*Asks:* 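Have a look at the structure that comes next, please.
Note that this is a predicted model, so its numbers are computed, not measured.
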Amino acid sequence: MTTETIKSLQDLGYHEFFESNLKKLKLDSFSVARVIAEYRGAYKVKNTNGEYLAKITGKKMFNALSREDYPAVGDWVTISEADEERVLIHKVLPRKTMIKRKYSGRNETQIIATNIDVAFIVESVDRDYNLNRFERYFAITKDGGIKPKILLNKIDIISKEELDLKSTQIKKRFSDIDIFMTSTITNEGISKLKMDLVKGKTYCFLGSSGVGKSSLINKLIGKNIIKTEDISLRTGRGKHVTTNREMYFLRNGSIVIDNPGMREVGMTDTDIGIDNLFDEITALAKKCKYIDCTHIHEPGCEVLTALKAGRLDEGKYLNYIKLKKETDYYKMSELEKREKDRKFSKFIKNWKKQLKNRDID
Ligand SMILES: Nc1nc2c(ncn2[C@@H]2O[C@H](COP(=O)(O)OP(=O)(O)O)[C@@H](O)[C@H]2O)c(=O)[nH]1
Ligand SMILES: [Mg+2]
Ligand SMILES: [Zn+2]
């Protein structure tokens, strides 16, 4: 963590969007700071005066409605000084973009990080390599308004031929997305990655545990600041080490957020993300004969027609159907839950009625 003082809030990524909201909300008498790390129940915030340990005010804690209301790494917050080292967080300024994670089963959303310009979706070329997973992450970044880029790491462990094959596959499937190929061992691709990072912009690295996110950020910083995981001999993967989500400031002025591994990507309420992501399929679907077409077996289905004619990529189609099925499933179980609740309250009502009648008897 670089603790050098910064000259302006812009160096921390502050810009017009946040400033105008600050004024709109009449909060411009407060100091603002950016949340740069999250610990259990506390935060680290930074502004031109330095870094502080921060807590949210008791009132805010009491009023917080959901986890989304709590500050997250990347947030701009209004603060008041408690003492030289500590401050209180009052308000979280409206977020420009965010990465959310839905927990399957629980009706809860976790904000992973906010106000990010670009997310590097990192996969390593070994067992982790999976084109469909890229698509799952794209649904999440699209949902949060963040531009995704693909980063294929550990290219030192495969042959040139194998790498060419993978890069062709990726380009074919995701023709409109930037691709980076790196190795933190040979340093291949690292300077190209560095050059892509712009002053004042915020980047985050997403991907499974052990793909090399922290190693990459250490390379970008130029020092081994973040602890990386040792590959377990047994599983061939990095061991799980819990780290805190934290923001780092690079010498060229860009800002980078490291993320502890996200084991699985929750895929519930991202329908909108999915529909936007599959623009091509959504456009075709509008021309299907039946309005509730599932694009699996119906006659007069434009999606299937395009698929058969080779105008639609098969992998993309299959992933679309898979994601749709998953989100439909979550919706269905929500409905079922409500249905159950309804039955239960009816049962209670009848039971009370019976009791009442018995009283009269
Ligand atoms: N062969 C190879 N190993 C790497 C590379 N980058 C990272 N690793 C190793 O992969 C393991 C996990 O790295 P880490 O950065 O902790 O992954 P993270 O969980 O995504 O942050 C460590 O043992 C790293 O040394 C790479 O480019 N090539
Ligand atoms: Mg890590
Ligand atoms: Zn159809």
*Asks:* Any donor-acceptor pair under 3.5 Å linking the side chain of Ser254 with the backbone of Leu250?
*Replies:*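 No.
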*Asks:* As a test of understanding, state which of Leu22, Asn47, Asn115 forms a side chain to side chain contact (heavy atoms under 4.5 Å, CB included) with Tyr14.
*Replies:*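 When Leu22, Asn47, Asn115 are each tested with Tyr14, the side chain to side chain contact (heavy atoms under 4.5 Å, CB included) holds only for Leu22.
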*Asks:* Give me the ring orientation class for Phe120 and Tyr203: parallel if the planes are under 30° apart, tilted from 30 to 60°, perpendicular past 60°.
*Replies:*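 Taking Tyr203 first and then Phe120, their aromatic rings lie parallel (interplane angle under 30°).
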*Asks:* Strictly by salt bridge (charged side-chain N to carboxylate O under 4.0 Å, His left out), give each pair with a member in residues 282-311 just once, sequence neighbours left out.
*Replies:*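 Residue pairs with at least one partner in residues 282-311: there are none.
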*Asks:* Any donor and acceptor pair, going by atom type alone, linking the side chain of Thr78 with main-chain N or O of Lys91 inside 3.5 Å?
*Replies:*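 Checking the backbone N and O of Lys91 against the side chain of Thr78, a donor-acceptor pair under 3.5 Å is found.
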*Asks:* Parallel, tilted or perpendicular: which fits the ring planes of His15 and Phe18, with parallel below 30° and perpendicular above 60°?
*Replies:*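 Tilted, since the angle between the ring planes falls between 30° and 60°.
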*Asks:* Within the side chain of Lys149, is there an N or O that forms a donor-acceptor pair under 3.5 Å with the backbone of Phe180?
*Replies:*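 Not at all, since once roles are kept as given, no pair shorter than 3.5 Å links the two residues.
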*Asks:* Using the salt bridge (charged side-chain N to carboxylate O under 4.0 Å, His left out) rule, collect all pairs that involve residues 163-174, keeping only residues at least two apart or in two chains.
*Replies:*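 Output for this query lists Glu135-Arg173, Lys160-Asp164, Glu162-Lys166, Lys172-Asp313.
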*Asks:* So does Glu246 get a backbone contact from the side chain of Asp258, meaning a donor-acceptor N/O pair under 3.5 Å?
*Replies:*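 Such a contact is absent between Asp258 side chain and Glu246 backbone.
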*Asks:* Does Lys55, at its NZ atom, have more than 12 non-hydrogen atoms belonging to other residues, nucleotides or ligands within less than 6.0 Å?
*Replies:*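 No, because the 6.0 Å sphere around NZ of Lys55 holds 12 heavy atoms or fewer from other groups.
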*Asks:* Checking the side chain of Asn21 only, and the main-chain atoms of Leu93 only, is there a donor and an acceptor separated by less than 3.5 Å?
*Replies:*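 It does not hold such a pair.
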*Asks:* Any side-chain to backbone donor/acceptor pair from Arg34 onto Trp76? Under 3.5 Å, distance only.
*Replies:*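 Checked: no pair found.
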*Asks:* Give me each pair satisfying salt bridge (charged side-chain N to carboxylate O under 4.0 Å, His left out) with a member in residues 181-194, each pair once, sequence neighbours excluded.
*Replies:*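 Residue pairs with at least one partner in residues 181-194: there are none.
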*Asks:* Is there a donor-acceptor pair closer than 3.5 Å between any side-chain N or O of Asp75 and the backbone N or O of Pro71?
*Replies:*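 No: the side chain of Asp75 does not pair with the backbone of Pro71.
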*Asks:* Determine yes or no for a side-chain-to-main-chain donor-acceptor pair under 3.5 angstrom, with Tyr317 supplying the side chain and His295 the backbone.
*Replies:*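 Yes, because the side chain of Tyr317 sits within donor-acceptor range (under 3.5 Å) of the backbone of His295.
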